[in-house]
Amino acid sequence: MATTNDAVSTMAEPCPDCGRETSHEVNVQILTESTKPDNAEFSREPYRVSECRVCGTTTTTRMNNA
């Protein structure tokens, strides 16, 4: 998947692996969903990407589904 990073911020939120609220690095990325070159141009979607700064677990949520 192709990505484009926008602003990055740090915030506290629940971590599914740590089982508690921890510091996370959060950003929005534009990801290409299609693996077919014909559709790649039209299949970019914004995703919220959150990475736990304690254990490194990454959670990706499609913004259109949030």
Side-chain angles (χ1 to χ4, degrees):
M1 288 185 174
T3 63
T4 301
N5 290 327
D6 290 336
V8 175
S9 65
T10 303
M11 58 190 307
E13 59 184 56
C15 176
D17 284 354
C18 292
R20 59 190 170 95
E21 192 167 288
T22 59
S23 178
H24 283 70
E25 187 173 296
V26 180
N27 64 58
V28 175
Q29 296 180 3
I30 304 299
L31 301 178
T32 302
E33 296 178 326
S34 178
T35 57
K36 298 177 183 177
D38 299 357
N39 296 332
E41 178 182 355
F42 304 105
S43 67
R44 296 181 307 235
E45 295 289 338
Y47 282 78
R48 180 186 187 274
V49 180
S50 174
E51 182 178 349
C52 179
R53 298 184 96 192
V54 174
C55 70
T57 297
T58 301
T59 305
T60 305
T61 306
R62 188 175 186 212
M63 296 299 290
N64 293 347
N65 296 346

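These figures come from a predicted structure and were not determined experimentally.
Contact check for Val28 versus Val49: no side-chain heavy atoms found under the 4.5 Å cut-off. Between Leu31 and Thr60, some side-chain heavy-atom pair lies under the 4.5 Å cut-off. Under the 4.5 Å side-chain criterion, counting only non-hydrogen atoms from C-beta, Glu13 is in contact with Ser50. Side chains of Cys15 and His24 form a contact here, defined as non-hydrogen atoms less than 4.5 Å apart.
Here Arg53 pairs with nothing under the side chain to side chain donor-acceptor pair (under 3.5 Å) rule; sequence neighbours left out. The side chain to side chain donor-acceptor pair (under 3.5 Å) search around Thr59 returns none, not counting sequence neighbours. Ser23 meets the side chain to side chain donor-acceptor pair (under 3.5 Å) test with no other residue; sequence neighbours excluded.
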Checklist entry - Please walk me through it: do Val54 and Asp17 pass side chain to side chain contact (heavy atoms under 4.5 Å, CB included)? => result CA-CA 10 Å; Val54 174; Asp17 284 354; over 6 Å; no
Item to check | Step-by-step side chain to side chain contact (heavy atoms under 4.5 Å, CB included) determination, Ile30 to Glu45 | outcome: CA-CA 5 Å; Ile30 304 299; Glu45 295 289 338; over 6 Å; no
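Residue Ala12 comes nearest to Glu21 through the heavy atom pair CB-OE2, 3.6 Å, listed as atom of the first residue, atom of the second, then distance. Nearest heavy atom pair, residue Gly56 against residue Glu51, reads O-CG, 3.8 Å. Taking every heavy atom of both residues into account, Cys55 and Cys52 meet most closely at N-SG, 3.4 Å.
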